[in-house]
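Sending over a structure as structure tokens; questions will come in a sec.
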Protein chains: 2
Amino acid sequence: MAGPGSDRKEAILNTALTLFVTRGFYGTPTSLISKEAGVATGTLFFYFKTKEELIDTLYLRIKAEAAAAMRRGLDDEQDTQGRLRRLWVNAVEWGIKNPAKMQFMEQFAHSPFVSTTAHEEGLSRFSFLHEYVLQGIREGVIRNSDPSLLFCMMASTLASVIARVAEVDDPEVRRTIIEQGMDFVWNGLRAEGVPREKKSRRSTRETVIP
Amino acid sequence: MAGPGSDRKEAILNTALTLFVTRGFYGTPTSLISKEAGVATGTLFFYFKTKEELIDTLYLRIKAEAAAAMRRGLDDEQDTQGRLRRLWVNAVEWGIKNPAKMQFMEQFAHSPFVSTTAHEEGLSRFSFLHEYVLQGIREGVIRNSDPSLLFCMMASTLASVIARVAEVDDPEVRRTIIEQGMDFVWNGLRAEGVPREKKSRRSTRETVIP
DNA sequence: GTAATAATTGACTGACTAGTCAATTTATGG
DNA sequence: CCATAAATTGACTAGTCAGTCAATTATTAC
């Protein structure tokens, strides 16, 4: 346990994650973080000059990880609806597998504890989504609304779907919620004249992983 | 300023509102609240036994006020789409007029600082919305998905629309955002076969206020 | 093996905070 | 005017917390 090589920095970050989401920022003393992480108070401040620097680091890491997870396989999809579906499934799956990180993102997305620079850098990780929406509009598949508004509404819907899915255990119910959420968003986004739903729904995922 | 009759309780609640949204719960000392409200520390604890009781009271009041504002004139509307549009406009208008309260609701909607009983009571104020969604599904106008999921997605979309609208000053741009948000939700909610949009959009509001 | 450096420790400090309480002021009713 | 109750005050307490630092231990380079 002691001695370098056992990376204490990671232990501190992991402990801080769970504590911040369960007790909030001001609600978790640094002394508790270091105690739960199994290090001395001094060690925490050796790696992070302030408590704010700690949450900033955490924030940036999680945002980057989430963005990478959502992006996975997106370029393999041929059309906008396929990309959207892939993105949707990626996001929900990541959210379920990483409930604490998901909660953290929601909780601190607009929080004053995270510095503005960290907020900006975190947001920039998701700029590729913006590009996809723009492309969909250009193709005439997505309705011609303010792309950042569409993105924003999509993201908030996603968050509420993930929250609900996480409350449930039955995989069949989960799939239903995910599908219903997807339908809501797709119908909200799609331009007039674009088919309401693709028949080959479940096959979408099977076609991308041959 | 001194002497009863000048209601200090209201002053405390108002000050707490602005401080809580700008600095968070743990981030605002009770001493600061009382100072900004122009009362002594003891006065705050005379009206609210604990800091938690203060935020609970605030939470319940705001939830009740928001629910009442959203409900206004809803029963005068004849069809589901009309009700949805009315609800939408009510909500956005209230959100713009009361940005601090809006922010407060978002910030503390799932916060552990607010007691579970307050959360439950606050949620119950919005149960009428649940009824409206159910009615829409029964009529075949709203798609047959889990009503509470639909409600939840609608609410989160609403929150992000209000946040965006509040960032903008130009009333024309504001109206556009509100309309685009409404379209997103309506198309996400509506069942197959139901017309995409009502032509008489702006007239909707004029017909209810004769 | 040794010197220089990096990592780690935990007692300690100065500042702050929720809540108390005895004393004081203000309203109320006869 | 007076007595009783309600409202208000602010100094005070007991506890907490972010961050420091001198001392100690481990690592690295030669």
Side-chain angles (χ1 to χ4, degrees), chain A residues 1-59 104 107-108 111-118, chain B residues 1-59 104 107-108 111-118:
Chain A
M1 181 170 278
S6 68
D7 37 8
R8 291 150 144 75
K9 195 176 176 181
E10 300 306 314
I12 292 167
L13 284 166
N14 287 332
T15 311
L17 169 62
T18 50
L19 286 175
F20 282 152
V21 296
T22 51
R23 314 180 37 133
F25 182 72
Y26 281 127
T28 57
T30 53
S31 59
L32 184 63
I33 299 172
S34 50
K35 193 176 158 194
E36 297 262 295
V39 301
T41 40
T43 308
L44 191 153
F45 289 98
F46 174 74
Y47 287 110
F48 309 97
K49 266 206 289 290
T50 63
K51 200 180 173 186
E52 279 76 17
E53 195 178 305
L54 171 59
I55 201 174
D56 263 22
T57 309
L58 205 48
Y59 187 83
F104 182 90
Q107 206 167 102
F108 297 102
S111 151
F113 311 131
V114 176
S115 72
T116 34
T117 53
Chain B
M1 181 170 279
S6 69
D7 37 7
R8 292 150 145 75
K9 195 177 175 180
E10 301 306 313
I12 292 167
L13 283 166
N14 287 332
T15 311
L17 168 62
T18 50
L19 287 175
F20 281 153
V21 296
T22 51
R23 315 179 35 132
F25 182 71
Y26 281 128
T28 57
T30 53
S31 59
L32 184 63
I33 298 173
S34 51
K35 193 176 158 192
E36 298 262 294
V39 301
T41 40
T43 308
L44 192 153
F45 289 99
F46 174 74
Y47 288 109
F48 309 98
K49 268 204 289 288
T50 63
K51 200 179 172 185
E52 279 76 18
E53 195 178 304
L54 171 58
I55 201 174
D56 263 23
T57 309
L58 205 48
Y59 187 83
F104 182 89
Q107 205 167 103
F108 297 102
S111 151
F113 310 131
V114 176
S115 73
T116 35
T117 52

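Numbered from 1 within each chain, the chains take letters A, B, ... in sequence-line order.
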Q) Can you name the side-chain contact (heavy atoms from CB on, under 4.5 Å) partners of A:P112, sequence neighbours left out? A) none
Q) What pair of heavy atoms forms the shortest contact from A:T18 to A:T22, and how long is it? A) O-OG1, 2.8 Å
Q: Could you note down all residue pairs passing salt bridge (charged side-chain N to carboxylate O under 4.0 Å, His left out) where residues 10-22 of chain B supplies at least one of them, sequence neighbours left out?
A: B:E10-B:R61
(Q) Quick one, B:I33 with B:V39, criterion side-chain contact (heavy atoms from CB on, under 4.5 Å). Give me CA distance, side-chain angles, the key distance, then yes/no. (A) CA-CA 9 Å; B:I33 298 173; B:V39 301; over 6 Å; no
Q | A:D7 CG - D:dA26 C1' separation (whole Å) | A | 16 Å
Q | Proximity to DNA chain C (any heavy atom under 4.0 Å), residues of residues 45-59 of chain B only | A | B:F45, B:T50, B:K51
Q. Tell me the side-chain hydrogen bond (donor to acceptor under 3.5 Å, both in side chains) pairs involving residues 32-57 of chain A, sequence neighbours left out?
A. A:D56-A:S115
**Q.** Nucleotide C:dA18, atom P - distance to CG of B:L32 in whole Å
**A.** 10 Å
Q. Base, sugar-phosphate, or nothing for A:T28, non-hydrogen atoms under 4.0 angstrom?
A. sugar-phosphate
Q: Residues of residues 17-27 of chain B with any non-hydrogen atom less than 4.0 angstrom from an atom of DNA chain D: list those, numerically ordered, please.
A: none
Q) What are the two closest heavy atoms between A:F113 and A:I55, and how far apart are they? A) O-CG2, 3.7 Å
Hey, what are the protein-to-nucleotides 10-12 of chain C N/O distances that come in under 3.5 Å?
| from | atom 1 | to | atom 2 | distance (Å) |
| --- | --- | --- | --- | --- |
| C:dG10 | N7 | A:T41 | OG1 | 3.2 |
| C:dA11 | N6 | A:T41 | OG1 | 3.2 |

Q: Using the six-membered ring wherever Trp is involved, compare the ring planes of B:Y59 and B:F104 and label them parallel, tilted or perpendicular (cut-offs 30° and 60°).
A: tilted
Q | Audit row: B:L58, B:F108, side-chain contact (heavy atoms from CB on, under 4.5 Å) steps and yes/no | A | CA-CA 11 Å; B:L58 205 48; B:F108 297 102; over 6 Å; no
Q: Grab the two heavy atoms, one from B:R23 and one from B:P29, that are nearest each other, plus how far apart they are.
A: NH2-CD, 4.1 Å
Q) Going by the angle between their ring planes, with limits at 30° and 60°, are B:F25 and B:F20 parallel, tilted or perpendicular? A) tilted
Q: Test side-chain contact (heavy atoms from CB on, under 4.5 Å) on A:I12 and A:F46 and set out the steps.
A: CA-CA 11 Å; A:I12 292 167; A:F46 174 74; over 6 Å; no
Q. According to a strict under-4.0 Å criterion, is A:R8 in side-chain N/O contact with OP1 or OP2 of C:dA6?
A. no
(Q) Whole angstroms only, please: what is the NZ-C1' distance between B:K35 and C:dC16? (A) 13 Å
